[in-house]
Amino acid sequence: MELKGSSNLSKLATSDDHGENSLYFKGWKAYDNNPFHPTRNREGVIQMGLAENLLSVDLFEDWIKKNPRASICTPEGVHAFKDIACFQDYHGLPQFRNALAKLMEKVRGGRASFDPERIVIAGGATGASEMLMFCLANRGDGFLVPSPCYPAFDRDLRWRTRVQLLYVDCESRNNFRLTKQSLEDAYENARKANIEVKGLIIANPSNPLGTTMDKATFKMLVNFINDKKIHLVCDEIYSATVFRGPKLVSVSEIIEEMECDRDLIHIVYSLSKDMGIPGFRVGIVYSYNDKVVSCARKMSSFGLISSQTQYFLAFILSDEEFVEKYLTESAIRLANQHDFFTRGLEEMGIKCLESNAGLYVWMDLRPLLKEATFEGEMDLWRVIISDVKLNVSPGSSFHCHEPGWFRVCFANMDIKTMRIALARIRKFVVRENDQVPQQGMKQKKSSKGHLTLSFPSQMYDEAWVVSLQSPHSPLPQSPLLSART
Amino acid sequence: MENMLKNQEQLLSKIATNEGHGENSAFFDGWKAYDMNPYHPTKNLNGVIQMGLAENQLSFDLIQEWVKNNPRASICTAEGTDELKDIAIFQDYHGLPKFRNAVARFMEKVRGNRVQFDPDRIVMSGGATGAQETLAFCLADPGDAFLVPTPYYPGNDRDLTWRTRIQLVPVVCDSSNNFKITRIALETAYQTAQESNIKIKGLLLNNPSNPLGTVLDRETLTDSLSFTQEKKIHLICDEIYSATVFSQPGFISIADIVKENIASCNLDLIHIVYSLSKDLGFPGFRVGIIYSYNDMVTDCARKMSSFGLVSTQTQHLIASMLSDYAFVDKFLKESSKRLATRHGLLCGKLAKVGIRSLKGNSGLFCWMDLRRLLKENTFEAEMELWRVIINEVKINVSPGASFHCSEPGWFRVCFANMDDETMMVAMNRILKFVIQSKEIEANNSRKQCWGSKLEISLSFRRSDEFFMAPHKMSPHSPMSSPLVRART
């Protein structure tokens, strides 16, 4: 739909560089037009394309009821209303920064310490990432980004800053680990194209992979950026979604263990994923570079966190007992949800990249591609949206180098809805397999020769049949929240 | 050290290492002086009184009372916590529908319900700061320019140009006609830009004006509209002080002018910036709004709002508060009254000792005329006077140069961010200073004449009484002010 009023506007306003025409967002639109509801719209699209953490927000509610002082709107807290409503200092409330620093330390198991004076508040991770780009790179400079990566980096890092993103392709043959060779190649390609590389950004834990970076790779990476004298931006917004080993290795720990120019090291953090509060727009930049801290702080005026929200969060995050309980319980619930989903998929022969973090899995649907191309991936994706009625995110929207991978989110629904989603996937897989010449229902090889769909045993068949006949599973009821209205 | 600095410059972006943030301007030096030695009615009587910050703190008692009576407006009260989940997870950049509806209705009320605002055109931003920058990103490319009448809010330099790389071209206004924006001034500025090959993309108006404290009259608004329409450039109206109008003439919004000219007007060129920081006194909540009549700008600005959305916790509170129309009516009326009283106290009484201000009817400040206190008619003399005011009179005011005023000697003095007692102390200090200056002036030179309306009393004791509320003889109020607090 063409909008009126396009003449006389900036190039930014009239181009597509905002990135919202990406398939990542198109799937959301399909959901918005026909959203699933357990009673009102059981045929609707189930949202599995939005990385939200809905599993533990009930813990917030309990705490709030017991701590009325944390709000400037309760009788116990209203005395602070005026001071807080007037507080626009871009340093942020000191108690808020202190509480955030402590949280970040706790999430890293005390293996690193954070100075509250280096915390710069920003409008969500979106605002924080953009702000860092404005500080570190000029228009036309390049930033290396390992792929697959978060689709909205196109908008956040590039749109208004005019920085170029240079993808460093990672491959499934080594589980998408970043290699020195791929970094060197990407850097060299940039140099040949006369693009000045100013830095590299990673997400750790990774979105969309759901994995944490191992120490050896991290050290290789830090050596690389030191050697090239370029910045390293670590987006650690999923740091508290690590639900099993290996533990998160944060850049804050790595730099304690090796020689590194700390002026090159910066962290983006947010509470949107770890705490499930994306609406509150809590983003921060943590930089080890004084000048960046100073500059970013001045820029934060363009997107500060509401003082009302800072005040509330300062209270709740200063309650160490609550934080401890939340982090532990959240990890358990994420693990349970992840395992329920991946086991269900395994039973149908669908593999996911082995992961230990994040709110999603990186699903391998290469065997279901009619052809091993991105067109094939698109075809499959359209079918998943319109026939299977699940919004999942195709790998191409994450700039994945290989077709056939999909990111599927699991932490924004209850077990009932997840069962429905699994049943739909099962139905689809069976139907797809019916279209392929049978080979004893044992193996179906993809063009790359990987073993994919397998129907291992009678036990599986029985379990499958039981679940089809009885949608009301004998498994214990999930303590989780219901599908959102 | 030099090498380290050089390395930093190479390591970081140009934006990070230039002065575009504007914080080295004198405007901030005054804040720094206050921060280092803030006045407190009991703990630091000799501290600097902050009169450089345009904050509206006069009506918080009304807000607090409403908040106490409406616990469901918060997701953190026992009554409201059932909504926490839905609110905390909501990150749709369209914003909560009830928030947009409430803001649209509020904007209509402030304009006497003469015009209508479409809630679907309400786009959030990170305060007015974020709104200005976002509009600049949408309307202009790097190197393009906006015309801005002087004197103007110093933050415009940072907000509009720092990261966007656009330029501001001043439209010079002066005291000869009370700083009114004339068609000639607009044309002159436009022509000058053309001659320098600078592409003008828009005109930014501030109505009511910061720092003047006046509203734009109908003639200025219609002239500005026809000028921009003719040149096919954008008209951006910053109306963040719209509900601080406390006396006649009333406020005329660009929305009024648009309504009157709807048939002949290209609406795609018209945009409004709004915020709740001044009208309601909530700068901490970062509620900025862009209202554009241009569909593409609305769409683009909405996408950009991801960089600075309003916290849904705050959207929820504001939605509830502004949907209570009875409260809003009461608040607007009472807030105006208190602003009028405070303005009368500061500007009215000082006028009686020969300190004139531009006749204002809005805003949170007076535009004070201290030209006669300058040693000479230069900006250096203005700076000198300003340092005396900060260091000796111990009041932070803002010098006209920081607002790009074309004439030295004007100062913006804020009056709505303190209680009555502190106001009295501030006025006493100003009075004392004026009297001392007059004595020095009388000793040094017989050139100046203060005018026949002067009614100065040279007795300090009588002047204390003159400025004090009748029941208070001592400038050291036994009441600890709840309003002005030394910031930690």
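Because the structure is a prediction, the values reported are computed rather than measured. Each chain gets a letter, A, B and so on, in the order its sequence line appears, and its residues count up from 1.
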What about the rings of A:Phe87 and B:Phe282, do their centers lie closer together than 6.0 Å?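 No, they do not, as the ring centres are separated by 6.0 Å or more.
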Ring centres of A:Phe153 and A:Phe143 under 6.0 Å apart?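 No, ring centres 6.0 Å or more apart.
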Show the nearest heavy-atom pair for residues A:Asn53 and A:Lys273, with the distance to one decimal.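 That would be ND2-O, 3.1 Å.
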Write down the atom of A:Phe302, the atom of B:Arg158, and the distance for their closest heavy-atom approach.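 That closest heavy-atom pairing would be CZ-O, 3.9 Å.
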Option in [options] with maximal non-hydrogen atom pairs under 4.5 Å from chain B:
{"options": "A:Thr309, A:Ile277, A:Thr74", "result": "A:Thr309"}
{"options": "A:Gly127, A:Ser301, A:Gly303", "result": "A:Ser301"}
{"options": "A:Lys65, A:Arg281, A:Met131, A:Lys298", "result": "A:Lys298"}
{"options": "A:Asp156, A:Val282, A:Val78", "result": "A:Val78"}
{"options": "A:Met275, A:Gln310, A:Gln308", "result": "A:Gln308"}
{"options": "A:Gly19, A:Cys73, A:Ala70", "result": "A:Cys73"}

Counting only heavy atoms closer than 4.5 Å, note whether [X] contacts chain B via side chain, backbone, both or neither.
{"X": "A:Thr14", "value": "both"}
{"X": "A:Phe312", "value": "side chain"}
{"X": "A:Tyr90", "value": "side chain"}

Scan side-chain atoms only and decide if [X] and [Y] contain a donor-acceptor pair under the 3.5 Å cut-off.
{"X": "B:Gln50", "Y": "B:Asn417", "value": "no"}
{"X": "A:Lys82", "Y": "B:Gln57", "value": "yes"}
{"X": "A:Asp319", "Y": "A:Trp63", "value": "yes"}

Between [X] and chain A, with a heavy-atom cut-off of 4.5 Å, which part of the residue counts as in contact: side chain, backbone, both or neither?
{"X": "B:Leu267", "result": "neither"}
{"X": "B:Gln313", "result": "both"}
{"X": "B:Glu55", "result": "side chain"}
{"X": "B:Asp159", "result": "both"}
{"X": "B:Leu84", "result": "side chain"}
{"X": "B:Val310", "result": "backbone"}
{"X": "B:Leu317", "result": "side chain"}
{"X": "B:Phe90", "result": "backbone"}
{"X": "B:Ile63", "result": "side chain"}

Is it true that [X] and [Y] have a side-chain N and a carboxylate O under 4.0 angstrom from each other?
{"X": "A:Lys11", "Y": "B:Asp141", "result": "yes"}
{"X": "B:Arg163", "Y": "B:Glu133", "result": "yes"}
{"X": "B:Asp295", "Y": "B:Arg121", "result": "yes"}

Other residues, nucleotides, ligands: >12 heavy atoms within 6.0 Å of A:Arg262 CZ: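 It does: A:Arg262 CZ has more than 12 such atoms within range.
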NZ of A:Lys229: more than 12 outside heavy atoms within 6.0 angstrom?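 Count not over threshold, so no.
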B:Thr77, B:Thr81, B:Val297, B:Asp61: which one forms the most heavy-atom pairs within less than 4.5 Å of chain A?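 Counting heavy-atom pairs under 4.5 Å, the top option is B:Thr81.
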